[in-house]
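One-based numbering, in listed order, for ligands and for the atoms of each. What you see is a predicted model, and the numbers here were worked out from it, not measured in a lab.
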Amino acid sequence: MTSTRDTTEKAQADDETQTDSNTNRRQPFPQGFLDTISTGWADRPDTLPAPRAQAPFAAKRRAKLSAAFPGQRLVIPAGSFKQRSNDTDYPFRAHSAFAHLTGWGADAVADSVLVFDPTDDGHDVSLFVRDRATREAEEFYRDATIGEFWVGPRPSLAAVSTDLGLRTDHLENFASGDEDLVVGVHEALTRAVSELRLEKDEYEVGQMQLAVDTTAKGFDDIVRDLPRIIDHPRGERVVEGVFHLRARSDGNWEGYDTIAASGPHACYLHWTRNDGAVLPGDLILIDAGVELDSLYTADITRTLPVSGTFTPIQRKIYETVREAADAAFAAARPGMKFLDLHNTAMRVIAERTAEWGLLPVTAEEALDADKGGHQRRYMVHGTSHHLGLDVHDCAQARREMYYEGEVTPGMVFTIEPGLYFQIDDETVPQEYRGIGVRIEDDILMTEDGPVNLSANIPRTADEVEAWIAQSRG
Ligand code: GLY
Ligand code: MN
Ligand code: MN
């Protein structure tokens, strides 16, 4: 196992070879300094936290995983810091399988490892964590990545143990063997931890609703700030920034890079460059989701008329996308095939684009599984994906468990049809060109049918116009 980075050793090695680009920044660390700085500190209190609400849910998830792999040692690393440039890293974000099985979210300590050791009747589970450095240790003062003097305190092993309800051990005691199954390396385990998340438990459902509600506030912020956004030459960046402020102040981060795509940029499905102006008369497509401290994320798209009202052609396209979304929602029920959410939305897209004279074939021909697909020129992406700790959750699940599998209660997924008419698409009349619309909602399936977790965010063309009008007083 090489994911553990001993940054102190690395710093020492760099000092010796003088090849490190930070040599100029590193100050001498003579014994006298260490002697002085390591004394004169009060004892650090170690009050033990109450177990977090997610702990019993994570324990049940671990029990399920244990039952699926009798007699095998399972290793689930949290992951390490990833370098952005030179000596700056991206903010640490634990692997989703690790977060799911520990209940540790934004406050997870990098390089930790969850281990299932096989026993006669299951597994003993341990969480290996880098223990706090003592005041005598050089790491405490010197290591700018993990030293507590630099980055703030990390919890003791005892605190982590009571918080998560897990046995903890020193990271330095962790050793891996050739027979271990490691998430991200071994296919069967990687698949299993992904499939384990297909149905959300009660805690997760609560977090998903909270993530959506927090995201709704971010969209309200954007709508309220539209005048300032229009005034700025890079208004798309302002949209991204306004949403980021909400994500950071009420959550951990965004679950993915915000798409703020105004005018023809809306036709680029994952436009995250966000460096364009937001101009009255255009539509702006905003696809954004707050990731909570628990790391559960929403994934919402709304398409707004920047001036406050849709033009007739914008409204026609918008309401067709909504018709496709509503059709998929109406078809959603336990026991249906997941892929039929997409097929249902695609039928509307094919029928309307055929009616408008955009297809070289009839809608039925376009919908033919073998010879069709013509309508996909205007909507190349899928309609639905699972959502949870990852925006594209459960991505390693087998196809027969996902697209070809059944929708069951507890699943959370998106419904997100769109229509995109590229600015240079000669197959459509001029008035369509440069218009891109997507409407994306987050859906929970229950025994009684689907629940739209994002139903409170204005959806219809009329509701969207009223939303903007209201924000302008
Ligand atoms: N935000 C990416 C997606 O909607 O799938
Ligand atoms: Mn999505
Ligand atoms: Mn999205």
Tell me, yes or no, whether the heavy-atom count around Glu463 atom CD, taken from other residues, nucleotides or ligands under 6.0 Å, exceeds 12.
yes
Do NZ/NE/NH1/NH2 and the carboxylate oxygens of Arg224 and Asp221 come within less than 4.0 Å?
yes
Between the Mn ion (ligand 2) and His385, which N, O or S atom of the residue is the nearest one?
NE2
Interatomic distance, NE2@His270 vs NE2@His381, rounded to 0.5 Å, equals 8.0 Å
Let me know which of Phe338, Phe329, Tyr402, Tyr403 forms a ring-ring contact (aromatic ring centres under 6.0 Å, His included) with Phe413.
Phe338
Is the distance between the Mn ion (ligand 2) and the nearest N/O/S atom of His392 smaller than 2.8 Å?
no
Pairs under 3.5 Å, nitrogen or oxygen of ligand 1 with protein nitrogen or oxygen:
| unit_1 | atom_1 | unit_2 | atom_2 | d |
| --- | --- | --- | --- | --- |
| ligand 1 | 1 (N) | Asp287 | OD1 | 3.2 |
| ligand 1 | 1 (N) | Asp287 | OD2 | 3.0 |
| ligand 1 | 1 (N) | Asp299 | OD1 | 3.2 |
| ligand 1 | 4 (O) | Asp287 | OD2 | 3.3 |
| ligand 1 | 4 (O) | Asp299 | OD1 | 3.4 |
| ligand 1 | 4 (O) | Asp299 | OD2 | 3.2 |
| ligand 1 | 4 (O) | Glu416 | OE1 | 3.0 |
| ligand 1 | 4 (O) | Glu416 | OE2 | 3.4 |
| ligand 1 | 4 (O) | Glu440 | OE1 | 3.3 |
| ligand 1 | 4 (O) | Glu440 | OE2 | 3.1 |
| ligand 1 | 5 (O) | His385 | NE2 | 3.1 |
| ligand 1 | 5 (O) | His392 | NE2 | 2.7 |

Run the salt-bridge test on Glu404 and Lys337 with the 4.0 Å N-O cut-off and return the result as yes or no.
yes
Does a salt bridge link Asp425 with Arg433, judged by any charged N lying under 4.0 Å from a carboxylate O?
no
Under 2.8 Å from the Mn ion (ligand 3), how many protein N/O/S atoms do you get? Just the number, please.
4
Using a strict cut-off of less than 4.0 Å between a Lys/Arg side-chain nitrogen and an Asp/Glu carboxylate oxygen, indicate whether Glu365 and Lys371 qualify as a salt bridge.
no
Which residues pass the side-chain contact (heavy atoms from CB on, under 4.5 Å) test with Asn252, not counting sequence neighbours?
Ala106, Arg248, Glu291, Asp293, Leu295
Test ring pair (Phe, Tyr, Trp, His ring centres under 6.0 Å) applied to His374 - qualifying residues, sequence neighbours left out
none
Under the 3.5 angstrom rule, does the side chain of Asp441 hit a backbone N or O of Ile415 as a donor-acceptor pair?
no
